2 protein chains.
Amino acid sequence: MSKIPLPSEAQLEILDLLWQQQPATVQDLHERLTARRQVSYNTVLTQLQRMTKAGLVKRDTSQRTHAYRAAVKREQVERRLFHRLADTAFGGSTVNLALRALGSEKPTPEELDELQQWINEQKQ
Amino acid sequence: MSKIPLPSEAQLEILDLLWQQQPATVQDLHERLTARRQVSYNTVLTQLQRMTKAGLVKRDTSQRTHAYRAAVKREQVERRLFHRLADTAFGGSTVNLALRALGSEKPTPEELDELQQWINEQKQ
DNA sequence: AATTAAATACGACAATTGTAGTTAAACTAC
DNA sequence: GTAGTTTAACTACAATTGTCGTATTTAATT
């Protein structure tokens with residue numbers, strides 16, 4: 001099942017774009033990523049090729065212009081990334097990590113509600 | 001000020017031990033780290049040397065056996081790490097990231113209380 | 001058909017990362 | 001003081017990472 005590695009930083013950026021809109025071509029992704037920072041088409045392509053090999057994305061090669069989609073679930077990847085961080089520096093407590101991270105934030109009322117709801121669920 | 005880089009994964013592990021107890025010698029840290037996973041003395045030493053050069057830790061070389069202490073604040077590093085993660089894949093919302101990460105956890109009552117308290121503070 | 005554009009494959013490369021070996025100096029214990 | 005032990009400096013090395021360039025193929029334009 002999950003011998004799929006976690007995405008690297010640069011890969012995560014692209015994967016994030018895919019999660020937002022799938023499927024997508026290299027050009028799509030390059031355009032969208034360029035909106036955030038300067039990066040060449042080939043760089044995006046290479047990362048997509050690496051992610052394909054790694055099993056992080058799938059591609060449809062039936063057309064000359066390949067179409068990509070994520071092969072991993074957003075929730076799972078995010079949870080694993082978070083855990084890796086929590087494990088190495090927060091004594092494994094994700095709640096601690098969450099609290100620490102929240103510490104300096106000013107959440108929107110919606111976000112607060114979501115959090116509140118989560119807590120209520122846990123209490124039952 | 002902060003051209004100090006973020007610690008790598010392995011460095012964070014060691015830094016975490018330092019934050020728990022400072023100052024510490026390489027041997028101290030090696031022993032404590034070994035409790036978590038197998039790693040050689042030299043590996044710990046090398047990381048400490050790299051962290052020293054990077055400005056992440058300071059060392060007292062007045063004795064033959066050097067003594068290390070963190071040169072960066074835990075809160076700051078953790079917040080930066082968290083933000084880096086949030087920025088690349090969570091649309092910059094740390095609350096979202098926190099929620100996502102909490103998703104599958106079973107927190108202790110104490111942790112729940114802490115979270116609840118944080119929420120209450122935010123509401124005011 | 002000839003030229004240009006678009007797309008992928010493949011290779012390259014420097015920097016970082018994790019890991020550890022070798023060397024040499026400085027203590028420690030006989 | 002001779003032999004082992006600790007410690008740190010330095011070197012090494014393969015894997016990963018982020019970044020592109022070049023070559024090649026295929027499609028579009030004129």
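Every chain is numbered from 1, with letters handed out A, B, ... down the list of sequences. All figures in this text were calculated on a predicted structure; none of them were measured in a lab.
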Phosphate-side-chain proximity, A:H66 and C:dA9, N/O vs OP1/OP2 below 4.0 Å
yes
Between C:dT8 (C1') and A:D28 (CG): distance, integer Å
16 Å
Does OP1 or OP2 of D:dA8 have a side-chain N or O of B:Q49 closer than 4.0 Å?
no
Reading 5' to 3' through nucleotides 13-24 of chain D, protein heavy-atom contacts under 4.0 Å coded B for base, S for sugar-phosphate only, - for none:
-----BBBBB--
Could you check whether B:Q117 and B:D113, counting side-chain N and O atoms only, form a donor-acceptor pair closer than 3.5 Å?
no
For a quick check under 3.5 Å, do B:T46 and B:T43 share a side-chain donor-acceptor pair by atom type?
no
Expected list for residues 57-65 of chain B near DNA chain C, using heavy atoms below 4.0 Å, is B:R64
Walk me through whether B:S62 and B:D60 qualify under side-chain hydrogen bond (donor to acceptor under 3.5 Å, both in side chains).
CA-CA 6 Å; B:S62 64; B:D60 173 358; 2.7 Å; yes
Atom-to-atom span, CG of A:L48 to P of C:dA7 - whole angstrom:
13 Å
In whole Å, I'd like the distance from the CG atom of B:L56 to the P atom of C:dT17.
10 Å
Please determine which of B:I14, B:L15, B:L45 meets the side-chain contact (heavy atoms from CB on, under 4.5 Å) test together with B:L29.
B:I14
Please report, rounded to the nearest Å, how far the C1' atom of C:dA7 is from the CD atom of A:E31.
14 Å
Taking all heavy atoms of B:L18 and all of B:A70, pick out the closest pair and write down the distance.
CD1-N, 3.9 Å
Separation of D:dA9 atom C1' from B:K53 atom NZ, nearest Å, is 12 Å
Return no unless some side-chain N or O of B:Q27 is found under 4.0 Å from OP1 or OP2 of D:dT7.
yes
Taking 4.0 Å as the cut-off, does a side-chain nitrogen or oxygen of B:Y41 come that near to OP1 or OP2 on C:dG21?
no
Which heavy-atom pair separates A:P23 from A:R69 by the least distance, and what is that distance?
CD-NH2, 3.4 Å
Please name the pair of heavy atoms, one in A:K58 and one in A:A71, separated by the smallest distance, quoted to 0.1 Å.
CG-CB, 3.8 Å
Does a side-chain N-to-carboxylate-O contact under 4.0 Å join B:E78 and B:K73?
no
Will you find, in the side chains of B:Q116 and A:Q116, an N or O donor that is under 3.5 Å from an N or O acceptor?
yes
